[in-house]
2 protein chains.
Amino acid sequence: MSLLAPLDRNALTHASPSEVRAAVRAGRWTGTTKRMALGYHQANVTIVPERHAFDFMRFCQRNPRAFPLLDVTDPGEPFARLAAPEADLRTDISAYCIYRDGVMVDRVANLRETWRQDHVAFLTGCNLSLDAVMIEARIPFPHLVRESAFPAQYRSNIATRPAGVFHGPMVLSYRAVPAPLLQRVVELTSRYPLCHGGPVHVGDPAAIGIADLAACDWGRPPEPEPGTTPCFFACGITAQAAALASGIPEMITHAPGHLFLTDLPISDRSLG
Amino acid sequence: MSLLAPLDRNALTHASPSEVRAAVRAGRWTGTTKRMALGYHQANVTIVPERHAFDFMRFCQRNPRAFPLLDVTDPGEPFARLAAPEADLRTDISAYCIYRDGVMVDRVANLRETWRQDHVAFLTGCNLSLDAVMIEARIPFPHLVRESAFPAQYRSNIATRPAGVFHGPMVLSYRAVPAPLLQRVVELTSRYPLCHGGPVHVGDPAAIGIADLAACDWGRPPEPEPGTTPCFFACGITAQAAALASGIPEMITHAPGHLFLTDLPISDRSLG
């Protein structure tokens with residue numbers, strides 16, 4: 001395996017989190033992180049200035065389904081000392097989004113020029129961390145079966161509990177679940193509150209304000225999957241929806257789908 | 001039952017949390033809260049000025065065994081909107097401790113004169129919330145059997161993970177467990193991470209820096225209980241040990257043993 005050649009997703013499926021991060025840092029992997037370093041927590045990363053950090057941390061605590069906290073950095077430190085002590089949050093994610101005054105203004109490949117001494121990073125759990133569990137249980141989610149597929153995310157009509165400057169709708173991630181597997185998917189996901197737990201809603205998308213599944217706000221529109229039941233899980237993109245809704249001066253995040261690979265096994269329950 | 005007469009603990013064992021808080025507010029109950037409003041979360045309450053609040057919240061997140069977060073107030077708001085929306089944190093605890101510059105300087109019956117607009121209150125879980133579970137399982141902990149008994153707490157040699165200005169030893173709460181019930185106690189307590197979960201240490205107290213069980217730092221010294229195994233659980237008094245160790249300018253807490261009764265049932269797992 002060359003040091004410089006691009007990598008295939010299959011090469012990283014059973015890689016360690018540090019191998020995935022090294023590939024990202026070296027520019028050898030620039031894609032989404034679905035089905036990578038199976039069995040470890042993938043984290044949403046939300047960076048805010050210190051003066052908004054306590055507000056954002058209360059926002060997480062009040063909305064634990066959307067924001068199961070894995071780690072919070074000290075101001076100015078781009079290192080997640082609990083979740084991945086050897087990683088660098090400025091370089092180890094393959095794409096970042098920059099929001100200013102309620103608008104997404106840029107998408108960048110690293111934060112080397114952007115990171116400041118007053119930045120605080122929040123790492124929160126993601127349901128892509130359950131890819132390992134779904135593969136083992138033979139749940140045929142499209143994003144695990146087809147390379148071109150990726151989960152779709154939607155703004156729902158469920159409001160988050162506000163905290164300080166932060167408010168906005170809960171964003172939900174869609175899974176089409178074959179009807180005979182519905183009970184199993186609910187049971188398995190419910191065991192992992194740090195990966196958003198079980199579905200927030202099962203059934204009619206209109207009941208939670210989603211008029212058209214084809215018109216997703218993030219991710220990729222789902223193809224129709226006959227014989228499936230719609231399931232919606234809380235999603236960390238809720239932070240980005242809050243940046244848009246509340247118009248705060250600055251938030252920097254991972255780009256949707258491009259998560260940060262932590263060293264925390266999903267089997268470790270000591271964090272919550 | 002008179003409106004003004006002092007109450008007996010038995011009268012509050014099966015009372016609702018709001019009834020216990022009303023009795024405390026009216027001065028009809030001034031004692032500890034063991035075996036009260038069975039089945040609801042009793043909370044450690046730690047109040048710090050807003051400028052230390054983000055440090056303290058990271059301290060909680062990094063030490064989840066000691067500080068399972070139940071609620072965090074907005075600055076200046078003495079109301080726990082998630083945990084007990086109708087309660088007043090200034091009056092609904094029967095005794096408070098005031099720490100300044102690393103010294104406990106006062107013990108007061110309410111915070112009517114003390115609460116400020118920059119105060120933030122953190123509510124964290126307590127293992128007294130498991131009294132209901134232990135009674136149902138017929139675990140004869142001394143504090144449940146004898147009115148005069150109360151658990152003993154000790155500074156251990158286990159360090160907390162520091163955050164900002166906060167550091168110090170983990171404080172542990174002692175239970176003498178009859179040897180045949182040890183497995184059952186570990187199993188039951190481990191189901192409740194918001195009540196500190198299972199024991200941090202089982203066996204020789206000297207292994208965690210406790211030389212003499214009779215010399216406890218908080219609570220009441222245990223009487224010798226032949227045929228029991230020492231079990232030590234993480235304890236919210238760890239916050240008060242941090243106030244003493246880190247010498248921060250101000251922290252206000254519930255007095256050890258005098259916890260805040262929330263409306264959250266311990267059976268509700270939606271918080272974590």
Side-chain angles (χ1 to χ4, degrees), chain A residues 48-77 79-83 85 118-125 160-167 190-200 234 264 268-272, chain B residues 48-77 79-83 85 118-125 160-167 190-200 234 264 268-272:
Chain A
V48 297
E50 184 176 3
R51 69 195 173 94
H52 288 144
F54 179 52
D55 280 359
F56 189 75
M57 198 161 180
R58 295 203 312 291
F59 192 53
C60 293
Q61 197 274 331
R62 292 176 191 180
N63 297 283
R65 292 301 280 270
F67 305 120
L69 274 171
L70 298 174
D71 203 353
V72 183
T73 68
D74 286 334
E77 288 235 345
F79 310 114
R81 298 194 181 278
L82 288 183
D118 68 329
H119 277 150
V120 175
F122 294 81
L123 279 65
T124 58
T160 56
R161 292 188 181 109
V165 297
F166 295 96
H167 61 87
S190 296
R191 288 182 191 161
Y192 296 90
L194 290 178
C195 306
H196 299 296
V200 170
L264 303 171
D268 178 359
R269 305 302 171 83
S270 68
L271 271 172
Chain B
V48 297
E50 185 176 3
R51 67 194 176 95
H52 289 145
F54 179 53
D55 279 359
F56 190 74
M57 198 161 181
R58 296 203 313 292
F59 193 54
C60 293
Q61 198 273 331
R62 293 178 190 178
N63 297 283
R65 292 300 281 269
F67 304 121
L69 275 170
L70 298 174
D71 202 352
V72 183
T73 68
D74 286 334
E77 288 236 345
F79 309 114
R81 298 194 181 278
L82 288 183
D118 69 330
H119 277 150
V120 175
F122 294 81
L123 278 64
T124 58
T160 56
R161 292 188 181 109
V165 297
F166 295 96
H167 61 85
S190 296
R191 288 182 191 161
Y192 296 89
L194 290 179
C195 306
H196 300 297
V200 170
L264 304 171
D268 178 0
R269 304 303 170 84
S270 68
L271 271 173

### Message
Which heavy atom of B/R58 sits nearest to which heavy atom of A/T73, and what is that distance?
### Response
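Of all heavy-atom pairs spanning B/R58 and A/T73, the closest is CD-O, 3.5 Å.
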### Task
Quick one: closest heavy-atom pair of B/Q61 and A/L69, and the distance?
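So the two residues come closest at NE2-O, 3.8 Å.
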### Message
Report which part of B/F122 has an atom under 4.5 Å of a heavy atom belonging to chain A: side chain, backbone, both, or neither.
### Response
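The side chain, not the backbone.
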### Query
Are the side chains of A/R62 and B/R81 in touch, meaning some heavy atoms are under 4.5 Å apart?
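No, side chains not in contact.
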### Any A/R161 side-chain heavy atom under 4.5 Å of B/L82 side chain
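They are in side-chain contact.
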### Residue, of B/V120, B/V72, B/D71, that accumulates the most heavy atom pairs under 4.5 Å with chain A
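Most heavy-atom pairs under 4.5 Å with chain A: B/V72.
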### Query
What residues, two or more places apart in sequence or in another chain, satisfy salt bridge (Lys or Arg N to Asp or Glu O under 4.0 Å) together with B/E50?
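Listed in chain order: nothing, the list is empty.
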### chain B contact via A/D55 - side chain, backbone, both or neither, heavy atoms under 4.5 Å
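For A/D55, no heavy atom lies under 4.5 Å from chain B.
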### Task
Under the side-chain hydrogen bond (donor to acceptor under 3.5 Å, both in side chains) rule, collect the residues that match up with B/N63, sequence neighbours excluded.
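Per chain and number, B/N63 pairs via side-chain hydrogen bond (donor to acceptor under 3.5 Å, both in side chains) with no residue.
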